[in-house]
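Position 1 is the first residue of the sequence, and the numbers go up from there.
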Amino acid sequence: MTINPSECIIYHEIPEFTEGHILEIRFPKNSTKDQVKTILDEAGKDGRHPHFFNRSGAYVYFLEHDKKEKVYVGQATQLESRALNKGRLVAEKVSKALLFSNISKNQFDESQIQHLEYFILKTLNNSKWAVKNVQSGAPSITTAK
């Protein structure tokens with residue numbers, strides 16, 4: 001199956017939070033490691049969205065687990081190595097990944113990353129999506145602001 005990597009990558013601004021943005025990366029069903037690599041190369045450091053690589057943030061995987069569609073929420077001090085690991089994306093059967101990061105020079109600190117993960121988990125736990133995370137994240141000790 002031939003894929004067009006540029007069709008698999010969608011950039012989203014967040015009007016309510018001008019310092020943040022989201023990168024949506026879609027992977028065709030049963031993507032091989034090579035196909036995933038091609039898509040990530042298009043999005044990556046030398047591709048169209050280098051500002052998501054080597055950045056801190058949170059991510060959501062839309063995946064198949066126990067033959068059911070579920071989501072997994074994680075946090076990363078380095079989105080590229082944690083959230084966009086080719087082997088992990090293929091092994092987890094990820095169909096879509098959402099990367100949440102900021103656009104300022106200063107990266108998120110640990111408490112901000114934890115708050116972002118908690119906020120995403122809380123939101124998804126109140127939705128139709130089944131969440132795969134074993135734990136639903138520790139309650140955030142920071143404020144929404």
When rounded to the nearest 0.5 Å, the distance separating CG of Asn85 from CG of Leu79 is 13.0 Å
Which residue, Leu84, Ile10, Leu98, Val94, forms the side-chain contact (heavy atoms from CB on, under 4.5 Å) with Ile25? Leu84
Sub-4.5 Å side-chain heavy-atom contact between Val71 and Ser127: no
CD of Glu13 to OG1 of Thr18: how many Å apart, nearest 0.5 Å? 9.5 Å
Would you mind reporting whether Leu116 and Gln75 have side-chain heavy atoms less than 4.5 Å apart? no
Grab the two heavy atoms, one from Ser56 and one from Ser101, that are nearest each other, plus how far apart they are. O-OG, 3.1 Å
Quick check against the 3.5 Å criterion: does Asn4 have a side-chain atom that pairs as donor or acceptor with the backbone of Ser6? yes
Glu110 vs Thr77 side-chain heavy atoms within contact, under 4.5 Å: yes
Distance (rounded to the nearest 0.5 Å) between Lys93 NZ and Phe27 CZ: 16.0 Å
Of all the heavy-atom pairs spanning Ile120 and Ala58, show the shortest one and how long it is. CD1-CB, 3.8 Å
Sidechain-backbone polar pair: Ser95 side chain, Phe62 backbone, donor-acceptor under 3.5 Å: yes
Closest non-hydrogen atom pair, Thr38 against Pro5: CG2-CG, 3.5 Å
Counting C-beta onward and ignoring hydrogens, is there a side-chain heavy-atom pair between Ile9 and Glu42 closer than 4.5 Å? yes
Less than 4.0 Å between a side-chain N and a carboxylate O, is that true for Lys70 and Glu64? no
Atom CD of residue position Glu69 - does it have more than 12 heavy atoms of other residues, nucleotides or ligands inside 6.0 Å? no
Report the relative orientation of the aromatic rings in Tyr72 and Tyr59; use parallel for angles under 30°, tilted for 30 to 60°, perpendicular for over 60°. tilted
For Leu23 and Ala43, work out which heavy atoms get closest and say how close. CD2-CB, 4.3 Å
Contact summary for Tyr61 and Ala97, nearest pair of heavy atoms: CD2-CB, 4.1 Å
Salt-bridge present (Glu7, Arg26; N to O < 4.0 Å): no
CZ of Phe108 to CD of Glu19: how many Å apart, nearest 0.5 Å? 9.0 Å
Backbone N or O of Leu89 within a donor-acceptor pair of the Glu92 side chain at under 3.5 Å? no
Can you measure from CG (Leu63) to CZ (Arg88) and round to the nearest 0.5 angstrom? 9.5 Å
Would you say Val131 and Leu121 make side-chain contact, with heavy atoms under 4.5 Å? yes
When every non-hydrogen atom of His21 is compared with those of Ile14, the smallest separation belongs to N-CD1, 3.7 Å
Polar contact flag, side-chain donor to acceptor under 3.5 angstrom, Ser111-Asp109: yes
Value for CZ (Phe100) from CD1 (Ile113), rounded to nearest 0.5 Å, stands at 14.0 Å
